[in-house]
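Take a look at the structure set out below.
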Amino acid sequence: EAGPVGAARQPPQLQAAAMLLAGARRSTLQALALYLGNALSANSANSAFRRVELSSALFQERVWMAPGGASLMRAAGFTEGGDGKTLRLPADAPTKPLLE
């Protein structure tokens, strides 16, 4: 079975997350687009755009608990903060595969 267009060029983690998200709800995809878009935007030098509070009920419902949501965030380079309360995209995270 063929994967998404361009999947062969993507890292395996992104490919796996994409497969899990194939049947995702629209609200999950919209939320992921918002979080990732903010992190990759021109304003991404501002660390607030590169951080997500894990305590956010909307984030938990729409992204973190949705099949593929946590996988995609991790594949995008987000890591859990030392406090276990936030996800953070380090400034040196390799984001090029997300932009292709």
Side-chain angles (χ1 to χ4, degrees):
E1 180 176 315
V5 174
R9 295 178 299 202
Q10 299 301 326
Q13 299 91 340
L14 283 177
Q15 290 180 35
M19 290 176 67
L20 289 170
L21 286 165
R25 295 181 315 193
R26 175 180 238 171
S27 61
T28 294
L29 299 175
Q30 289 172 330
L32 282 165
L34 177 68
Y35 287 111
L36 294 174
N38 283 344
L40 299 172
S41 74
N43 294 323
S44 65
N46 180 345
S47 65
F49 287 99
R50 301 173 74 87
R51 187 176 59 241
V52 178
E53 297 294 326
L54 288 171
S55 61
S56 165
L58 282 177
F59 178 76
Q60 285 290 323
E61 175 190 339
R62 293 183 181 172
V63 176
W64 203 242
M65 302 307 280
S71 296
L72 182 61
M73 295 296 285
R74 287 185 179 117
F78 280 85
T79 58
E80 290 187 46
D83 60 3
K85 296 179 182 179
T86 59
L87 284 179
R88 190 171 113 352
L89 182 65
D92 61 349
T95 56
K96 185 177 178 188
L98 297 172
L99 300 171
E100 294 179 341

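By convention here, the first residue in the shown sequence is residue 1.
Side chain of Thr86 to backbone of Glu53: no donor-acceptor contact under 3.5 angstrom is found. In this structure, the side chain of Gln60 does not engage the main chain of Ser55 through any donor-acceptor pair within 3.5 Å. Using modelled atom types, one side-chain atom of Arg50 and one backbone atom of Pro90 make a donor-acceptor pair closer than 3.5 Å.
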task: Run the numbers on Arg74 and Thr79 for side-chain contact (heavy atoms from CB on, under 4.5 Å), then give the verdict.
output: CA-CA 6 Å; Arg74 287 185 179 117; Thr79 58; over 6 Å; no

Leu36 and Met73: CA distance, side-chain angles, deciding distance, side-chain contact (heavy atoms from CB on, under 4.5 Å) verdict: CA-CA 8 Å; Leu36 294 174; Met73 295 296 285; 4.2 Å; yes

- request: Starting from the C-alpha separation in whole Å, work towards a yes-or-no answer on side-chain contact (heavy atoms from CB on, under 4.5 Å) for Val52 and Val63.
  value: CA-CA 11 Å; Val52 178; Val63 176; over 6 Å; no

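Leu34 and Leu21 end up in different hydrophobic clusters when Ile, Leu, Val, Met, Phe, Trp and Tyr side chains are linked at under 4.5 Å. No single ILVMFWY cluster, assembled from side-chain heavy atoms under 4.5 Å apart, contains both Leu20 and Trp64.
The side-chain heavy atoms of Leu87 and Glu80, taken from C-beta on, include a pair separated by under 4.5 Å.
Here Leu89 contributes atom CG and Asn38 contributes atom CG; the two are 11.5 Å apart, rounded to the nearest 0.5 Å. Atoms CZ and CG, on Phe49 and Leu40 in that order, are 12.5 Å from each other to the nearest 0.5 Å.
Ring-centre distance between Tyr35 and Phe59: below the 6.0 Å cut-off.
For the pair Gln13 and Ala75, the tightest heavy-atom approach, listed with the atom from each and the gap, is CB-CB, 3.6 Å. Looking at every heavy atom in both residues, Gly84 comes nearest to Leu54 through O-CD1, 3.6 Å.
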